[in-house]
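Presented below is the structure to which this report refers.
Both counts, for ligands and for their atoms, begin at 1 and track the order of listing. Since the structure is predicted, the reported quantities are computational estimates derived from the model, not experimental observations.
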Amino acid sequence: MARVLSPDAEGIKEAAEIIRAEGLVAFPTETVYGLGANALSALAVTKIFAAKARPHFDPVIVHVADPKDAEKLWLTVPKLAQDLIEKFWPGPLTLVLPKREIVPDIVTAGLPTVAVRMPSHPVALDLIREAGVPVAAPSANRFGRLSPTHHEAVLEQLGGLIDAIIAAGPTPVGIESTVVSLAESPPRLLRPGGTPIEALLEFLPDLRVEPPQGPSASPGTLPRHYQPSTALFLLEPGPPAGQEALERDKCGFLAFQRVWEGFARVEVLSPRGDLVEAAARFFSLLRKLDRAGLLAIVAEPLPEVGLGLAIMDRLRRASSGRARLDKTKVWIIR
Ligand code: TXA
Ligand code: MG
C-alpha cells in the first residue's frame, strides 16, 4: 500500500526522495490530485502509465515550480507564451509547445511537443522544488475514470499501485487545467478547464475553440472519459421517450442549483448558482452518487459559460447517453 505522507516539510522531503528514486507519488494540485514521477526519466514515467493503465498514445503534463524551468523543456518560449505565463501562472493553464531533446518520448507519446504547467498549490510547488526535477503528472485516477479531488479518492483507485501519496484534503479548483496549444497558429484550445476561456480570449482573441479535425492534436481528449461506474445520462428537455425506463426513485440526480423531487438521492453542485463552486464540488459529488448503489445517475446540464464549459465537457464524456423524465420514471436514450 502507498505510504500516506503529511503535507509538511518531512512528508515533502520523503516524497521528493521517492520522485528522485524514480518512484510514483500522488500529490495535490489546485485542480485535482496528480500522479507524479520524474519527468526526465523514461523509466519513472513508464510506471505512471502502468499504474493508471493509461494507453501510451496519451501524453502527460509536466509540472514545474518556476517559469524558468519551462524554458528548459521547450525549444523556445515565444512572446505570446511569456505573456500568458505572466498572467496565468501559477495556475490551471497548461501550454503546449515544441519540446527539447531532454524530454523523453514516453512523456509526449512521441509527439514533438510537450505540455507544461506551473501549479499554484503550495504543496505541489514545494514537492517539485524539493525533488529538483520537473514532475510529469496526469490526474491520479485509473485511465478513463473520475478524476480525484481528495486523497481518499486516489487511495481508493491507486492505493495498491503507487509508492506514496501526500494527503492534503480537497483540491480547491476541482477540475483539470485548461490546455492550450501554442504549437499551431492560431493557437488552439485542446481542453477546457480551470482557467475560463473568457479570460484567455482577452489575450488570445484568435484562439480556436472548436475540436481539432482528423488525427487528434490532443490524444487524451477521448469521447468517453471521466466515467463513473454507475451509468450517467445527461438530462434533456422533451416528452418521455427512449429505449428503456428506470424507476426514478432508484436513480440519483446531479443538480446544478436546486433539489429535484422523486430521486433516491440528489446532490446539488451550487445552491447559489456559482459555477466556480460547482466545479470545485463536481468530481466529489459525482463520486458520492457513484458509490450510492443507484441504477443510474441523471445529470442536469449547466450554463456553458466560465467554468460551466469545462464541467459540461466532463459531463458529456462521462455520459452513456441522454435522459428524459416523467413523474416517476427516467427514460434512457442511448
Ligand atoms: O490539472 C491538470 O491538468 C491535472 C493536474 C494533475 O495537473 N493533470 C491532468 O493530466 O489533467 P491528464 O494527463 O489527465 O490530462 C492531460 C491532457 C490530456 O488531454 C493530454 O492529451 C493533453 O493534456 N496533452 C498532454 N501533452 C500534450 C501534448 N504534447 N500535445 C497535446 N496534448 C497534450
Ligand atoms: Mg485525466
Side-chain angles (χ1 to χ4, degrees), residues 25-37 39 45 48-49 51-65 73-75 88-100 103-121 123-125 127-128 134-149 153-154 157-158 165-166 171-184 187-195 211-212 215-227 279 283 307 310 313-314 317-318:
V25 178
F27 64 98
T29 79
E30 76 280 22
T31 59
V32 301
Y33 275 76
L35 179 56
V45 176
I48 295 179
F49 284 84
K52 284 195 56 142
R54 182 179 175 113
H56 284 269
F57 61 74
D58 194 2
V60 298
I61 295 172
V62 179
H63 298 68
V64 295
L73 303 168
W74 288 327
L75 270 183
F88 293 103
W89 281 14
L93 177 65
T94 297
L95 298 174
V96 173
L97 278 166
K99 78 175 189 78
R100 284 183 192 267
V103 181
D105 282 336
I106 180 143
V107 171
T108 67
L111 293 173
T113 54
V114 62
V116 182
R117 84 177 188 99
M118 177 178 171
S120 64
H121 198 296
V123 173
L125 292 171
L127 172 67
I128 301 163
V135 174
S139 50
N141 49 276
R142 297 281 283 176
F143 182 72
R145 314 305 307 210
L146 298 180
S147 300
T149 54
V154 180
Q157 287 195 48
L158 294 173
I165 177 168
I166 306 178
T171 58
V173 175
I175 46 174
E176 299 87 341
S177 61
T178 302
V179 182
V180 171
S181 173
L182 300 177
E184 41 187 314
R188 187 189 294 281
L189 176 72
L190 298 178
R191 177 179 72 183
T195 297
S216 183
S218 193
T221 51
L222 299 170
R224 287 283 163 86
H225 211 74
Y226 312 107
Q227 293 226 310
F283 279 117
L307 295 195
D313 169 74
R314 308 304 185 270
R317 293 177 211 277

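- In this structure, S181 OG and L95 CG are separated by 9.5 Å, a value rounded to the nearest 0.5 Å.
- The distance criterion of under 3.5 Å between nitrogen or oxygen atoms is met by S139 with respect to ligand 1.
- Within the 4.0 Å heavy-atom criterion, neither part of T108 lies near ligand 1.
- Between E30 and R117, at least one side-chain N (NZ, or NE/NH1/NH2) sits under 4.0 Å from a carboxylate O, which counts as a salt bridge.
- Side-chain N/O atoms of T94 and S177 include a donor and acceptor closer than 3.5 Å.
- Contacts between R191 and ligand 1, counted as non-hydrogen atom pairs separated by less than 4.0 Å, involve the side chain only.
- Two residues are said to be in side-chain contact when any heavy atoms from C-beta on lie closer than 4.5 Å; T178 and R191 fail this criterion.
- In summary, an N, O or S atom of S139 is located under 2.8 Å from the Mg ion (ligand 2).
- Near H63, meaning under 4.0 Å from one of its heavy atoms, ligand 1 places the atoms 5 (C), 6 (C), 7 (O).
- Closest to atom 2 (C) of ligand 1 by heavy atom, among G193, S177, G174, is S177.
- Contact annotation for P138 and ligand 1: heavy atoms of both the backbone and the side chain come within less than 4.0 Å of the ligand.
- Proximity to L111 (heavy-atom distance under 4.0 Å) selects the following atoms of ligand 1: 28 (C), 29 (N), 30 (N).
- An N or O contact shorter than 3.5 Å is missing between K52 and ligand 1 by distance.
- The ligand atoms of ligand 1 that sit less than 4.0 angstrom from a heavy atom of L190 are 31 (C), 32 (N).
- Heavy-atom separations between A137 and ligand 1 include at least one value shorter than 4.0 Å.
- Within the set T31, T29, D58, V116, the minimum heavy-atom distance to atom 20 (C) of ligand 1 is found for D58.
- Ring geometry for F143 versus H225: interplanar angle over 60°, hence perpendicular rather than tilted (30 to 60°).
- L35 and A51 make their closest contact through CD2-CB, 4.2 Å (heavy atoms, listed as atom of the first residue, atom of the second, distance).
- Remark: side-chain polar atoms of T195 are paired, donor with acceptor, to backbone N or O of P92 under 3.5 angstrom.
- At a 4.0 Å heavy-atom cut-off, ligand 1 does not touch E30 at all.
- The structure places OG1 of T29 at 10.0 Å from CG of L125, a figure rounded to the nearest 0.5 Å.
- Checking side-chain atoms of K52 against main-chain N and O of S139 turns up a donor-acceptor pair under 3.5 Å.
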